[in-house]
J.: 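The structure under discussion is supplied below as structure tokens; questions concerning it will follow.
We name chains A, B, ... by the order of the sequence lines, and we start the count at 1 in each one.
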Amino acid sequence: MFKTDYCGDLRVSDEGREVTLAGWVNRRRDQGGLIFIDLRDSRGLVQVVIPSEEAQAHAVASEARGEYVVRITGKVQRRRAGTENDKLPTGEIEVRATAAEIMNSAKTPPFYINEDADVDEQLRLKYRYLDLRRERMTRNMVIRHQVVKYIRDFLTDRNFIEVETPVLANPSPEGARDYLVPSRNYPGNFYALPQSPQQFKQLLMVAGFERYFQIARCYRDEDLRADRQPEFTQLDLEMSFVEQDDILQLMEDLYTGIGAAVRPDLSIPAPFPRLTYAESMRRFGTDKPDLRFGMELFDLTNAVRGTEFIVFKSAVDSGGAIEGICVTGGAAFSRKEIDALTEQAKQLGAKGLVTIAYNAAPEAATEDDIKSPVLKHLGLDMIRSIGKLADAKAGDLVLIVAGVGGVPVKEPGSVTRVKPALDALRRGLAEKLELADPNTLLFAFLVDFPLFEWNADEERWDATHHVFTSPKPEDIDLLNGDDLGSVRSNHYDITCNGWEIGSGSIRIHTRELQQRIFDVLKFSDEDTKMMFNHMLEAFQYGAPPHGGIAPGIDRTVALYAQESDIREVIAFPKTKSAQDLMTGAPLPVEQRALDDVWIQLAPKKD
RNA sequence: GGCCCCGUGGUGUAGCGGUCUAACAUGCCACCCUGUCACGGUGGAGAUCGAGGGUUCGAAUCCCUUCGGGGUCGCCA
């Protein structure tokens, strides 16, 4: 070893020891005859003092610059009275150098490593090895390690075993686009990188392992977001002989445990609230509600029935919906702010946004107390009753979105755009008004999801979660009917602060029921045979009842690290266009490599 | 794929039709300084304003195209 100690570990208890340190120059303060160097390594910072009396060390210190790799030998001493630095864990002591050596020089870095300044993300990704040297990123990677370590210990203590499953897996017909890997041995055939180890983990249950988990990499070739990368990590787990409650309780214990171990300063209310999918959609317009604040949706469809106001009337008459939210204190918004909200609503697919500002309590409001473009159209009485229904107080702003029925679902102004628009407005306003406590992780469970959802593009029913999710026993008879949308499933999500953290379900474990689901989904026999035959086969050999869940590790770590973007907790993430700016991947390959795997490139499209 | 935002010395920003031969902070270089800790002081180098085209007497500033990054909707069981 080139060093006897880590910079960040030294304390008063080391006083008098001779130590050799090696690390990076975080900052140099040259006072002429006396030079200070803040030396940084993976464990933190310590101040090294180099007086001119130590001629050799002083000469070296004069040459050193930021990010140079240096080795320093010296004695740990208490700092002079009055010069302690309480901002540093090592601030009571310093190392007085007796010898120094430059082990490597460094170019001036392309951005600051020793301060937490905003840097263009492109630059950070290109020089990710320097970005990771910054305190924030180092801290995030440490938190990530601690979270994963906690998970492994936690599950190990509960008799889970970790099993690896293939990365070269089988393509699947539904769900996200697969990343494909061409086969050299079988021309025209492909592996797919797994979107999740779903089938393997169920087969491990058939194998009798009873409790399995894996920190598993998953791949989906879809467009990216702040919380979506093309490759991401899941805590994949599966248990036999369990019911929904067993899984949810395990998750609650795990997530509160991680908090206590890694971020005891954060507030994690337990027990985690449970909402049905239907209730969450009704109150928040989304299946991943941020429960740290109110501003819940309310339904005006019946209340405004009979009005002649054309926007509401056409929504009511067409079987559409009219819903709104109430923004506490929003009556104070400027014209510009209101316009911005309206514009936002339109971009979210609303036909428009009806705004009503109440400068007095609704029941006592006169026309002078109301600021609304639709005051004349709706009349004071209607405005008052809307205000009461919204539970608006003096100073509040009510925002209303109307959507008509009977039009294609994704069309702007359709009834299906009402809830998504209000959900986005609600989230946007909460951020603007800082309604959500950043130091609270408010987890929740969402249950009773619908088993199927209508795919309007393909004009067929798709599995909401995946095809192995079991229907609720009391809804199995509905499989015979036409309204497959009302079949509820044993599918649950864990959410936190408006993020979906993980999905899971109690699975189907009999061949008969699984085949029936395939039939309902109108899978052809050939498809079923090729893609899922091994599952149907396996279920015939004593498959136990089983279920599981798969929380995203990246999102989990981001929550505990209080980062809003999972790229901040991934060592080497990709850009929104799935590129690695450091290595340049994806890259072209030689013709021979293509020939090996029987691939011929199509001409580029213009 | 749609919509929106961003792209100016190494870095972060300002400038938004002529006063820009581009400003500020920080970093960088040189010199001075023995108790600093975002040390301080003096001096200096450094960008033709993502790229291409156009409008104009004149463009970093306006328009078009294009590239790159980001956000969002679609998409993502």
J.: From U11(B), U36(B), G69(B), pick the nucleotide closest to the side chain of Phe111(A)?
T.: U11(B)
J.: Is the shortest distance from a Lys or Arg side-chain nitrogen in Asp38(A) or Arg29(A) to a carboxylate oxygen in the other one below 4.0 Å?
T.: yes
J.: For the pair Arg136(A) and Glu115(A), find out whether any cationic side-chain nitrogen is under 4.0 Å from an anionic carboxylate oxygen.
T.: no
J.: Nearest to the side chain of Gln122(A) - C75(B), G35(B), G69(B)?
T.: G69(B)
J.: What is the pairing partner of C3(B), taking Watson-Crick or G-U wobble pairs with both distances under 3.5 Å in any strand?
T.: G71(B)
J.: Does this structure show an ion pair linking Arg134(A) with Asp131(A), if we count only N-O contacts that are shorter than 4.0 Å?
T.: yes
J.: Taking Asp223(A) first and then Arg225(A), would you say they form a salt bridge - that is, a charged N and a carboxylate O separated by under 4.0 Å?
T.: no
J.: Picking from U11(B), G35(B), G74(B), which would you name as closest to the side chain of Val119(A)?
T.: U11(B)
J.: Using the P atom in both, what is the distance from G9(B) to C75(B), to the nearest Å?
T.: 40 Å
J.: Scan nucleotides 23-30 of chain B nucleotide by nucleotide, 5' to 3', and note B when protein non-hydrogen atoms come under 4.0 Å of the base, S if they reach only the sugar-phosphate, - if neither.
T.: ---BSSSS
J.: Counting only Watson-Crick or G-U wobble pairs whose two distances fall under 3.5 Å, which nucleotide matches G18(B)?
T.: C57(B)
J.: When only distance counts, do a donor and an acceptor, one from the side chain of Asp120(A) and one from the base of G12(B), lie under 3.5 Å apart?
T.: no
J.: Can you find a donor-acceptor pair, distance only, under 3.5 Å between Asp38(A) side chain and C37(B) base?
T.: no
J.: Using atom C1' in both nucleotides, what's the gap between C63(B) and U56(B) to the nearest angstrom?
T.: 12 Å
J.: I'd like to know if Glu121(A) pairs up with Lys576(A) as an ion pair, taking the criterion as any Lys NZ or Arg NE/NH1/NH2 lying under 4.0 Å from an Asp or Glu carboxylate oxygen.
T.: no
J.: Which nucleotide in the set C75(B), G70(B), G35(B) lies at the smallest distance from any side-chain heavy atom of Gln77(A)?
T.: G35(B)
J.: Give me the distance, rounded to whole Å, that separates U13(B) from U19(B) when you measure between the C1' atoms they each carry.
T.: 22 Å
J.: With a 3.5 angstrom cut-off on both distances, give the Watson-Crick or G-U wobble partner of C24(B), or none if there isn't one.
T.: G12(B)
J.: What's the gap between A59(B) and G41(B) when it is taken at their P atoms, as a whole Å value?
T.: 40 Å
J.: Any salt bridge between Lys472(A) and Asp448(A), counting N to O under 4.0 Å?
T.: yes
J.: Apply side chain to side chain donor-acceptor pair (under 3.5 Å) to Ser505(A) and Arg507(A), showing your working.
T.: CA-CA 6 Å; Ser505(A) 61; Arg507(A) 326 295 184 188; 2.6 Å; yes
J.: Please pick, from C76(B), C37(B), C73(B), the nucleotide with the shortest atom-to-atom distance to any side-chain atom of Gln47(A).
T.: C37(B)
J.: Considering only the C1' atoms, how many Å lie between G15(B) and G7(B), rounded to the nearest integer?
T.: 15 Å
J.: Less than 3.5 Å apart, any donor N or O on the side chain of Thr138(A) or Glu135(A) sitting next to an acceptor on the other?
T.: no
J.: Could you tell me which residues satisfy ring pair (Phe, Tyr, Trp, His ring centres under 6.0 Å) with Phe468(A), sequence neighbours excluded, listed by chain and number?
T.: His466(A), Phe532(A)
J.: Nearest to the side chain of Arg228(A), heavy atoms from C-beta on, is which of G69(B), A38(B), C76(B)?
T.: C76(B)
J.: Pick out the pairs of N or O atoms, protein on one side and nucleotides 3-8 of chain B on the other, that lie under 3.5 Å.
T.:
residue	atom	partner	partner atom	Å
C3(B)	O2'	Gln347(A)	NE2	3.1

J.: Taking atom P in both C3(B) and C20(B), what distance in whole Å separates the two?
T.: 38 Å
J.: Could you give the distance separating U66(B) and G10(B) at their C1' atoms, to the nearest angstrom?
T.: 27 Å
J.: Taking the side chain of Arg29(A) as its heavy atoms from C-beta onward, which of C39(B), U11(B), C73(B) lies nearest to it?
T.: C39(B)
J.: Could you label the plane-to-plane angle of the His509(A) and His546(A) rings as parallel, tilted or perpendicular, counting under 30° as parallel and over 60° as perpendicular?
T.: perpendicular
